[in-house]
Amino acid sequence: MKMYYGLLLLIPLLFSGHKSEATEQIHQAEMIHEHDRCHLCGMVITKYPGPKGQVHLKADKMVPKFCSSRDMFNFALQSENKRQIDYMMVHDAATTHWEQPDDSAFIDAKSAFYVYGTTKKAVMGPAVAPLSTQAAAEAFAKEYGGRVLTFNDITLELLAGDK
């Protein structure tokens with residue numbers, strides 16, 4: 001009988017090393033194609049400079065893509081859209097060319113640092129430049145101006161110029 005209870009105690013250990021599919025899922029960016037249009041403004045994404053963004057929704061296979069990280073935030077911060085979002089990705093401005101960002105430079109938007117108010121030109125208003133590290137964001141801000149923010153610092157009020 002003791003052996004039976006001993007085996008029962010080991011069962012959770014057997015499964016503790018296994019992760020569910022949801023936790024093993026690696027977030028992957030979708031490529032931005034030549035004719036893809038911004039989900040928010042309808043402009044052809046690849047025709048404009050600056051980091052781009054994309055939003056991966058929980059219940060939808062469609063991935064809204066945006067001509068700027070600013071447009072991505074303007075979409076994602078709307079209350080009706082927030083609850084539908086699984087994850088978001090942005091180009092890392094520290095590792096890709098500003099004029100033509102490369103899709104291999106997409107990073108998780110929530111862990112990125114942002115420089116807002118930079119002199120770098122972007123589409124649809126002031127740039128919200130994403131960078132993968134705080135040090136890279138501080139160096140970017142020192143060179144191009146602006147202030148360093150975290151994901152949670154970006155608000156609709158900030159983007160509207162009210163903050």
Side-chain angles (χ1 to χ4, degrees), residues 18-141 144 146-160:
H18 296 284
K19 295 182 181 177
S20 71
E21 278 185 40
T23 60
E24 283 187 2
Q25 177 185 359
I26 297 172
H27 295 162
Q28 299 226 342
E30 293 225 354
M31 290 184 63
I32 295 176
H33 301 285
E34 183 181 357
H35 300 291
D36 283 349
R37 293 189 172 272
C38 180
H39 187 76
L40 191 68
C41 70
M43 296 168 60
V44 176
I45 297 171
T46 57
K47 285 191 175 188
Y48 302 95
K52 316 302 182 210
Q54 54 185 252
V55 173
H56 296 252
L57 304 172
K58 292 176 184 173
D60 200 343
K61 298 288 183 201
M62 181 191 77
V63 175
K65 299 173 188 174
F66 301 89
C67 63
S68 68
S69 50
R70 178 188 189 84
D71 271 12
M72 180 197 72
F73 274 110
N74 274 316
F75 172 84
L77 292 172
Q78 294 174 26
S79 59
E80 65 271 15
N81 297 331
K82 264 185 185 179
R83 66 181 182 271
Q84 298 178 45
I85 296 172
D86 186 20
Y87 65 98
M88 300 168 14
M89 302 195 86
V90 289
H91 283 121
D92 180 0
T95 62
T96 191
H97 194 273
W98 187 268
E99 295 299 317
Q100 294 180 314
D102 188 275
D103 289 342
S104 66
F106 270 113
I107 58 173
D108 175 52
K110 287 188 177 181
S111 64
F113 292 85
Y114 297 87
V115 178
Y116 184 74
T118 176
T119 59
K120 291 292 266 183
K121 298 294 180 205
V123 67
M124 305 304 278
V128 181
L131 298 106
S132 58
T133 67
Q134 185 171 0
E138 289 169 356
F140 188 93
Y144 301 108
R147 61 184 174 154
V148 176
L149 304 170
T150 65
F151 178 86
N152 290 328
D153 294 330
I154 309 292
T155 64
L156 288 174
E157 294 79 20
L158 174 79
L159 299 176

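Scope of the values below: all heavy atoms of this structure, side chains included, with no hydrogens, waters or symmetry mates.
- Remark: H56 NE2 to K65 NZ distance equals 8.5 Å, nearest 0.5 Å.
- Contact record, W98 with K121: NE1-O, 2.6 Å, taken as the closest heavy-atom pair.
- Put simply, the side chain of K52 does not reach to within 4.5 Å of the side chain of F66, judged on heavy atoms.
- Looking only at side-chain heavy atoms (C-beta outward), L57 and V63 stay at 4.5 Å or farther from each other.
- Using a 4.5 Å cut-off on side-chain heavy atoms (C-beta onward), H91 and D103 make contact.
- Residues S104 and D102 bring a donor and an acceptor atom of their side chains to less than 3.5 Å of each other.
- Remark: E34 CD is loosely packed, at most 12 non-hydrogen atoms of other residues, nucleotides or ligands lying under 6.0 Å away.
- Considering V148, V115, T95 as possible partners of L131, the one that fulfils the side chain to side chain contact (heavy atoms under 4.5 Å, CB included) test is V115.
- For the pair V55/Y87, no side-chain contact is recorded, criterion being any heavy-atom separation below 4.5 Å from C-beta on.
- Counted within 6.0 Å of NE2 on H35, heavy atoms from surrounding residues, nucleotides or ligands total 12 or fewer; the atom is thus considered open.
- Taking every heavy atom of both residues into account, C41 and C67 meet most closely at SG-SG, 3.7 Å.
- Judged by distance alone, with hydrogens and angles left aside, the side-chain atoms of S69 form a donor-acceptor pair with the main-chain N or O of V128 at under 3.5 Å.
- Taking CZ from R37 and CD1 from I32, the interatomic distance works out to 14.0 Å, rounded to the nearest 0.5 Å.
- For the pair Q28 and F106, the minimum side-chain heavy-atom distance is 4.5 Å or more.
- In terms of modelled atom types and a separation under 3.5 Å, the side chain of R70 and the main chain of V123 share no donor-acceptor contact.
- Going from atom CE of M43 over to atom CG of D36 covers 14.5 Å, rounded to the nearest 0.5 Å.
- What you find for K82 and A76 is that their closest heavy atoms are CG-O, 3.2 Å.
- With values rounded to the nearest 0.5 angstrom, I154 atom CD1 is found 4.5 Å from L149 atom CG.
- Separating the CE atom in M72 from the SG atom in C38 is a distance of 11.0 Å, to the nearest 0.5 Å.
- Residues L158 and Y116 come closest through the heavy atom pair O-OH, 3.2 Å.
- Between P51 and V90 there is no side-chain heavy-atom pair separated by less than 4.5 Å.
- Side-chain polar atoms of D71 and H39 form no donor-acceptor pair below 3.5 angstrom.
- A salt bridge does not link K58 with D86: every distance from a Lys NZ or Arg NE/NH1/NH2 to an Asp or Glu carboxylate oxygen is 4.0 Å or more.
- Atom CD in Q78 sits 9.5 Å away from atom CD1 in I85 (nearest 0.5 Å).
- At a threshold of 4.5 Å between non-hydrogen side-chain atoms, the residues F113 and P130 do not count as touching.
- At a threshold of 4.5 Å between non-hydrogen side-chain atoms, the residues F73 and Y114 count as touching.
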